Amino acid sequence: MSAPPETVAGAPGNVIETRELRKVYRDRAVVDGLTLTVGAGEVFGFLGPNGAGKSTTVKMLLGLVIPSGGEARVLCGSPADPAVRARLGFLPEQFRFQLWMTAEEFLNFHGQLAGMKSNELRTRVPQVLEEVGLGGRGGEQLSGYSKGMLQRCGLAGAILARPQLVFLDEPTSALDPIGRVEVREIIERLKGEGVAVFLNSHLLSEVEQVCDRVAFVKAGRVLQQGSMRELMGGVIPVSVRVDRLTSELRAALQGIGEIHREDTNTPGRADLDLWLQSEAQVPAVAAAIHAAGAQLYALTPRRPDLESLFLELIEGPAGHAHGGHHA
Ligand SMILES: Nc1ncnc2c1ncn2[C@@H]1O[C@H](COP(=O)(O)OP(=O)(O)OP(=O)(O)O)[C@@H](O)[C@H]1O
């Protein structure tokens with residue numbers, strides 16, 4: 001048994017606060033002391049490898065799974081409180097639809113469960129159908145819907161009752177690139193309306209484009225959380241391609257920045273990621289390459305990307321590094 005947790009205050013600016021949240025299944029902690037904060041109106045990316053405990057965390061935040069320890073405050077209350085739950089929206093990864101219903105019937109049913117009045121539903125249902133790109137299709141039976149249409153319908157259900165906080169678990173897994181852009185626009189619109197979004201997604205480029213802050217979880221613990229800039233600690237990743245990487249050149253580059261992900265598998269070519277502290281160091285990289293007698297084929301500063309961060313944190317030798325807020 002763990003020690004009694006400290007109480008989470010539930011600051012008014014935060015929609016989610018957890019402290020040392022734990023879930024034990026058959027003597028194994030799948031969520032193991034998870035502490036994170038999500039601010040009001042924030043789009044928050046929750047990232048981690050398969051089995052990291054993301055879905056279990058979301059279920060605890062929704063009051064669907066009872067924690068074994070620690071504390072979770074959602075909208076300044078308990079996730080078990082029906083008044084709190086009424087202000088939450090949820091799109092699960094694997095949604096079970098009542099396929100004999102039309103989309104309108106499905107949404108009316110869910111709206112009634114959420115306590116919405118029928119006159120409110122009459123205007124709100126067509127509105128959300130339009131918003132998720134199903135305008136004019138609400139009268140069709142769900143059995144005739146494609147996977148992508150079902151996912152859109154689930155999203156319509158998640159935002160129907162105008163929640164203050166929406167949990168989206170892999171919201172674009174069944175969508176084509178156009179559908180993905182549309183979901184991103186929906187998330188941005190929600191944010192504009194002051195709605196907070198908690199996003200589980202494996203599509204890192206998607207998370208990167210839409211999230212204000214992210215948390216990386218592994219084995220039920222938050223490795224880091226913060227904005228992209230905070231997490232990267234101001235580092236600029238630069239892609240370098242040369243014809244060969246001699247030990248002399250490697251040493252010279254290490255004197256300028258930090259080498260990450262080196263690929264020398266193709267004869268006559270070496271690719272590497274070099275992390276610099278400032279763009280002003282880029283000419284020094286080119287000079288070092290020339291001085292070492294190597295041929296330079298590419299030298300491209302990139303925006304800090306989640307994929308390098310993710311790999312660094314989740315698979316990196318130390319498991320954590322580089323700025324940001326350690327949780
Ligand atoms: N009801 C349960 N009983 C026993 N073990 C469970 C239960 N639910 C989840 N687990 C285990 O807890 C671990 C974390 O699962 P969880 O679904 O939370 O991970 P996840 O990060 O959401 O993974 P994914 O990215 O694959 O969806 C897994 O090893 C899973 O097998």
Side-chain angles (χ1 to χ4, degrees), residues 1-2 5 16-38 43-74 79-80 85 88-97 147-148 150-151 154-155 158 165-175 180 183 187 196-211 213-226 231 305-316 319-320 324 326-327:
M1 293 291 281
S2 55
I16 298 176
E17 290 183 9
T18 75
R19 196 190 305 271
E20 293 296 320
L21 197 60
R22 258 171 85 77
K23 182 67 194 177
V24 178
Y25 284 123
R26 297 187 205 99
D27 294 335
R28 190 167 69 93
V30 299
V31 175
D32 190 12
L34 185 126
T35 299
L36 59 80
T37 309
V38 179
V43 180
F44 191 84
F46 197 48
L47 310 173
N50 292 129
K54 303 183 296 294
S55 299
T56 307
T57 302
V58 167
K59 286 178 194 158
M60 288 194 278
L61 295 174
L62 286 161
L64 301 174
V65 161
I66 298 168
S68 315
E71 199 179 354
R73 304 279 294 173
V74 176
R85 283 197 206 171
L88 303 178
F90 178 37
L91 173 65
E93 188 177 6
Q94 279 168 354
F95 204 94
R96 306 238 178 267
F97 287 92
K147 267 199 288 187
L150 286 174
Q151 197 157 34
L155 183 57
L165 167 62
V166 187
F167 292 86
L168 303 177
D169 198 352
E170 300 289 344
T172 61
S173 57
L175 297 180
R180 287 185 181 163
V183 168
I187 293 174
V197 179
F198 191 93
L199 178 66
N200 271 7
S201 175
H202 287 111
L203 294 168
L204 297 181
S205 58
E206 183 171 284
V207 172
E208 193 168 289
Q209 287 179 55
V210 80
C211 288
R213 290 196 313 129
V214 295
F216 290 94
V217 271
K218 185 180 177 183
R221 293 190 71 83
V222 175
L223 295 181
Q224 285 197 2
Q225 61 181 311
L231 291 178
D305 66 294
L306 267 185
E307 192 172 294
S308 349
L309 257 178
F310 185 84
L311 292 173
E312 184 70 18
L313 277 167
I314 304 295
E315 295 179 350
H320 55 82
H326 287 261

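Atoms within each ligand, like the ligands themselves, are counted from 1 in listed order. Keep in mind the model is a prediction, meaning the values are calculated, not measured.
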### Message
Tell me the closest heavy-atom pair linking A72 and P79, and the distance in Å.
### Response
O-CD, 3.5 Å

### Task
Using a strict 4.0 Å cut-off to heavy atoms of S55, name the atoms of ligand 1 that fall inside it.
17 (O), 18 (O), 20 (P), 22 (O), 27 (O)

### Task
Please check if any side-chain donor atom of S173 sits under 3.5 Å from a side-chain acceptor atom of E93, or the reverse.
no

### Message
Which residue and atom name correspond to the protein heavy atom nearest atom 19 (O) of ligand 1, and how close is it?
### Response
G53 N, 3.2 Å

## Note on the structure
atom 23 (O) of ligand 1 sits nearest the protein heavy atom G51 N, 2.8 Å

### Task
Please work out which of K54, E170, R28 has its closest non-hydrogen atom nearest to atom 30 (C) of ligand 1.
R28

### Query
For residues 53-63, which residue pairs qualify under side-chain hydrogen bond (donor to acceptor under 3.5 Å, both in side chains), counting only residues two or more places apart or in two chains?
none

### Query
Short list, please: which atoms of ligand 1 are under 4.0 Å from a heavy atom of A52?
19 (O), 20 (P), 21 (O)

### Any donor-acceptor N/O pair, S201 side chain to V207 backbone, under 3.5 Å
no

## Note on the structure
Quick look: V30 vs ligand 1, heavy-atom contacts under 4.0 Å, and the answer is side chain

### Query
Which residue owns the protein heavy atom closest to atom 26 (O) of ligand 1, what's the atom, and how far is it?
N50 ND2, 3.0 Å

### Message
Could you identify the single nearest non-hydrogen protein atom to atom 18 (O) of ligand 1 and state the distance to 0.1 Å?
### Response
T56 OG1, 2.5 Å

### Task
Distance to 0.1 Å, residue and atom name: give those for the protein heavy atom nearest to atom 6 (C) of ligand 1.
Y25 CD1, 3.3 Å

### Query
Purely on distance, is any nitrogen or oxygen of R26 under 3.5 Å from one on ligand 1?
no

### Query
Looking at residues at least two apart in the chain, or sitting in another chain, which of them share a ring pair (Phe, Tyr, Trp, His ring centres under 6.0 Å) with F198?
F44, F46, F167

### Message
Strictly distance-based, threshold 3.5 Å: is any side-chain N or O of K23 a donor or acceptor partner for the main-chain N or O of D32?
### Response
no

### Query
For E170, does its backbone N or O pair with a side-chain atom of Q151 as donor and acceptor, under 3.5 Å?
yes

